[in-house]
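What follows is a short report on a single structure.
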Amino acid sequence: MTAASKAVSQDVSKPAVRIRDITTSLQRQMARPGGIDIEAAVAAAEQGLEGRREETLRVIQDKVQALAAFCAGRPAAPEAELYAIASVLVDTAGFLDMPAFYEAAYSLCEVVSRMSAAEAWSWPSIDVHVHALSLILGEGGGASDANSTLLAGLRAVVDRTPAPG
Amino acid sequence: MTKAPDKVNLAHSTLLLVDDQPTSLDLLSSIVQGFGVREQLKCPSAKEAVELLRRRAVDLILVDCAMPEMDGYDFVTWLRREAPEPARFTPVIMILGHAAQARVARGRDCGASFIVAKPLTPSVLLRRIVWLGAQNRQFIEAENYVGPDRRVHNYGPPPGEDGRRSTDLSGEVGEAVGENMNQDDIDMLLKPMKVNL
């Protein structure tokens with residue numbers, strides 16, 4: 001695979017900036033005749049995700065349990081580990097259609113990030129997120145009136161936490 | 001307005017997926033498989049991806065931002081500055097979980113072609129890939145930045161695309177909607193005038 005490239009201009013002023021017109025191999029490969037309908041490609045991808053939904057939910061359940069156990073131990077300097085677990089929840093739930101759970105996990109990331117930056121730790125703010133994550137996951141992670149109420153509460157917690165800067 | 005493409009051809013392309021989370025890597029793999037990709041290579045760490053790219057080139061890289069040791073930002077910085085050609089020109093889509101604004105800016109400044117924030121849908125990801133396949137972005141090599149031109153919004157989205165932000169400029173030049181300026185007004189704009197300093 002070669003990328004056809006040519007230098008179209010060279011600015012000799014300092015610092016040197018080189019601007020190149022590049023045709024990437026992706027562009028060449030995608031320009032070849034053939035292909036599949038975009039709608040069909042999206043549908044096939046969504047079907048692939050759906051096929052992995054059950055096993056992914058089990059991974060998320062395990063992570064939520066690990067999160068609860070970690071917090072119950074009230075470790076010293078929990079920020080990095082807690083953020084790492086919350087990040088995995090965001091990353092994994094971000095592939096599935098479970099918006100309420102995703103928002104709760106994202107909220108946990110945000111509150112940990114803010115509290116770390118402000119050096120103002122509050123376990124109750126974490127606990128409320130952990131409980132909310134368990135409840136929302138128990139309902140499948142989707143949108144509902146009950147989940148909306150829980151998420152409103154989490155947003156209030158985040159709003160009370162000083163933002164960095 | 002030019003019609004957006006209704007087909008995508010990834011049947012000849014090799015994609016590299018980089019994510020330290022096995023579940024996320026598998027889910028990403030499921031998505032690109034649905035897109036009809038010819039070959040997908042999976043790396044559970046950026047360091048393994050570096051080793052792979054020293055040996056062979058790929059057509060597109062999807063990389064998670066948050067990884068231990070070498071994260072996605074450092075990986076893309078390495079790719080743009082130290083990888084052999086043509087690998088260094090490879091389009092990169094960074095996938096971002098917890099998307100603080102500073103992280104989005106960091107992704108843009110390390111040389112990623114696009115940053116896609118989760119929740120990730122196949123539709124959004126495919127649109128970005130189609131965009132990368134259709135658009136010619138110049139490649140900038142400067143002391144402080146190496147990567148695709150970051151001023152992508154100046155070009156506007158490809159024809160048929162609605163764009164990502166309200167401030168995206170259209171790639172289409174439409175018909176004039178107002179009257180032309182009359183010549184006297186134009187002359188006044190160009191007329192040298194004495195000013196008091």
Side-chain angles (χ1 to χ4, degrees), chain A residues 1-5 8 15-49 51-52 55-56 59-60 83-84 86-99 102 105-106 109-110 113 164, chain B residues 4-14 19 21 23-24 26-36 38 56-60 64 66 85-86 89-91 95 97-98 100 117-123 125-127 129-130 132-144 148-149:
Chain A
M1 181 178 60
T2 58
S5 66
V8 292
V17 177
R18 191 177 183 202
I19 301 173
R20 305 169 74 176
D21 277 342
I22 301 291
T23 301
T24 64
S25 61
L26 181 72
Q27 287 173 300
R28 287 197 303 277
Q29 308 287 16
M30 289 180 69
R32 290 167 70 168
I36 55 177
D37 287 342
I38 284 183
E39 283 184 14
V42 170
E46 286 172 344
Q47 197 173 1
L49 281 181
R52 291 186 178 273
E55 64 180 285
T56 306
V59 170
I60 291 174
Y83 187 84
S87 282
V88 172
L89 291 175
V90 169
D91 283 345
T92 313
F95 284 102
L96 301 181
D97 183 21
M98 44 194 315
Y102 176 86
Y106 192 97
C109 273
E110 187 65 24
S113 180
Chain B
D6 54 5
K7 281 187 179 292
V8 60
N9 188 357
L10 292 168
H12 310 284
S13 300
T14 299
D19 196 323
Q21 296 297 323
T23 306
S24 296
D26 287 343
L27 291 165
L28 200 52
S29 171
S30 293
I31 292 176
V32 299
Q33 189 174 349
F35 293 164
R38 182 192 67 172
R56 63 166 294 181
V58 300
D59 301 309
L60 173 65
D64 187 49
E85 291 190 15
F89 306 125
T90 310
I95 299 170
H98 178 229
K118 287 183 181 171
L120 181 70
T121 65
S123 174
L125 184 58
L126 188 56
R127 278 209 299 273
I129 293 173
V130 169
L132 286 171
Q135 189 183 52
N136 278 316
R137 278 168 79 179
Q138 291 178 314
F139 194 85
I140 311 295
E141 293 171 318
E143 187 180 356
N144 297 324
D149 193 342

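Only this structure's heavy atoms are used, side chains among them; waters, hydrogens and symmetry mates stay out. Every chain is numbered from 1 and lettered A, B, ... according to where its sequence line falls, protein lines coming before strand lines.
With a 4.5 Å cut-off on non-hydrogen atoms, Gln21(B) touches chain A through its side chain but not through its backbone. With a 4.5 Å cut-off on non-hydrogen atoms, Thr23(B) touches chain A through its side chain but not through its backbone. Using a 4.5 Å cut-off between heavy atoms, Asp64(B) contacts chain A through its side chain alone, with no backbone atom that close. Proximity to chain A (any heavy atom under 4.5 Å) is shown, for Leu28(B), by both the backbone and the side chain. Both the backbone and the side chain of Leu132(B) come within less than 4.5 Å of a heavy atom of chain A. Only the side chain of Tyr102(A) comes within contact range of chain B, with at least one heavy atom under 4.5 Å from a heavy atom of that chain. Proximity to chain A (any heavy atom under 4.5 Å) is restricted, for Leu126(B), to the side chain, taken from C-beta onward. Using a 4.5 Å cut-off between heavy atoms, Ile129(B) touches chain A through backbone and side chain atoms alike. Of the two parts of Pro99(A), neither the backbone nor the side chain holds a non-hydrogen atom closer than 4.5 Å to a non-hydrogen atom of chain B.
Considering OG1 of Thr14(B) and CG of Leu26(A), their distance stands at 10.5 Å, rounded to 0.5 Å. In this structure, Glu46(A) CD and Thr121(B) OG1 are separated by 7.5 Å, a value rounded to the nearest 0.5 Å.
Comparing Ala31(A), Gly48(A), Ala44(A), Ala41(A) by how many heavy-atom pairs each has under 4.5 Å with chain B, the most go to Ala41(A). Ranked by heavy-atom pairs shorter than 4.5 Å toward chain B, the options Cys109(A), Ala40(A), Ala43(A) are led by Cys109(A). Options Pro148(B), Gly97(B), Ser13(B), Ser29(B) differ in how many heavy-atom pairs under 4.5 Å they form with chain A, and the most are formed by Gly97(B). Ranked by heavy-atom pairs under 4.5 Å with chain A, the first of Leu10(B), Asp26(B), Leu60(B) is Asp26(B).
By the neighbour-count criterion of 12 heavy atoms within 6.0 Å, atom CD of Glu55(A) is densely surrounded, having more than that number from other residues, nucleotides or ligands.
Of all non-hydrogen atoms in Val90(A) and Lys118(B), the two that sit nearest each other are O-CD, 4.1 Å. Minimum heavy-atom separation, Arg32(A) to Asn9(B): O-ND2, 2.9 Å. Across every non-hydrogen atom of Gly133(B) and Met30(A), the tightest pair is CA-SD, 3.7 Å. The shortest heavy-atom contact between Phe89(B) and Thr24(A) is O-CG2, 3.7 Å. Considering all non-hydrogen atoms of both residues, Gly34(A) and Lys7(B) come closest at O-CD, 4.3 Å. Nearest heavy atoms, Leu120(B) versus Phe95(A): CD2-CE2, 3.6 Å.
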